Amino acid sequence: QVQLVASGGGFVQAGGSPRLSCAASGRTSSTSGMGWFRQAPGKEREFVARISRSGSSTYDADSVKGRFTISRDNTKNTVYLQMNSLKPEDTAVYYCAAGGYSAIAGNYDYWGQGTQVTVSS
C-alpha cells in the first residue's frame, strides 16, 4: 500500500504562485508515475499534470500548460505542483495520484486526500 498526503492549498489571490506537495509513504517503490488531478464543485475530476517515475518526462493539461509545473524529488518521495498565474477558474480540490502515468484517473492505483485551492479575483 501507498499513502499519499497532499498539502499546500489554501486561499490565494489571482496571479498567485502557490506550490502543492504530495508526500508518499509505504511501498513507494511501486508508485512509478504520479499525477495531479483537480475537481471543481459540480464538475468531474480532471487531469492536470503527470510525471514519470524518474521525473524525466512530464505532461500538462492544455488548461494549465505554461502556468503549472510538476516535479518530483525521489529522495523525499514527494511530488510537487508549482502553480503560477492562478486564475479563479483554477479553484478546485487538487488530488495527487500514484501508480500510473496517464491522463485518465482510473489508471492510478493510489490517491491522496485532496487539498483545496481557492483563487479569489
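Small disclaimer: the values here were computed from a predicted structure and weren't measured. We're numbering straight along the sequence, starting at 1.
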> Tell me the closest heavy-atom pair linking Trp111 and Ala105, and the distance in Å.
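Of all heavy-atom pairs spanning Trp111 and Ala105, the closest is CZ2-O, 3.3 Å.
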> Do Gln113 side-chain atoms and Ala6 backbone N/O form a donor-acceptor pair below 3.5 Å?
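Looks like yes, one N/O pair under 3.5 Å.
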> Once you round to the nearest 0.5 Å, how far does SG of Cys22 lie from OH of Tyr110?
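Cys22 atom SG to Tyr110 atom OH measures 13.5 Å (nearest 0.5 Å).
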> Measure the shortest side-chain to side-chain distance between Glu44 and Phe37 over non-hydrogen atoms and say whether it is less than 4.5 angstrom.
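Heavy-atom side-chain distance check fails, nothing below 4.5 Å.
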> Within a strict 4.5 Å, meaning less than it, do heavy atoms of the Leu86 and Pro18 side chains meet?
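Yes. Closest side-chain heavy atoms under 4.5 Å.
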> Taking the six-membered ring of Tyr101 (Phe, Tyr or Trp), confirm whether the NZ or CZ of Arg53 is under 6.0 Å from its centre and within 45° of its axis.
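No, Arg53 and Tyr101 do not form such a contact.
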> Under a 4.0 Å threshold between the charged nitrogen and the carboxylate oxygen, would Arg50 count as salt-bridged to Asp60?
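Between Arg50 and Asp60 there is no salt bridge, as every charged N stays at least 4.0 Å from the carboxylate O atoms.
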> Do Ser17 and Met83 have side chains that get closer than 4.5 Å, going by heavy atoms?
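No. Closest side-chain heavy atoms not under 4.5 Å.
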> What's the separation between atom OG in Ser71 and atom CD1 in Ile51, rounded to the nearest 0.5 Å?
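Reported to 0.5 Å precision, the distance equals 6.0 Å.
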> Would you say that Val48 contacts Phe68 through its side chain, given a criterion of any heavy-atom pair below 4.5 Å between the two side chains?
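A side-chain contact under 4.5 Å exists here.
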> Does NZ in Lys65 sit with more than 12 non-hydrogen atoms of other residues, nucleotides or ligands closer than 6.0 Å?
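Check passes, neighbour count above 12.
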> Is there side-chain contact between Arg38 and Phe47, with at least one heavy-atom pair below 4.5 Å?
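They are not in side-chain contact.
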> Do Leu4 and Met34 come close enough that some side-chain heavy atom pair is under 4.5 Å?
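A side-chain contact exists here, since the closest heavy-atom pair is under 4.5 Å.
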> To the nearest 0.5 Å, how far apart are CD in Gln3 and CG in Asn77?
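So the CD of Gln3 and the CG of Asn77 are separated by 11.5 Å.
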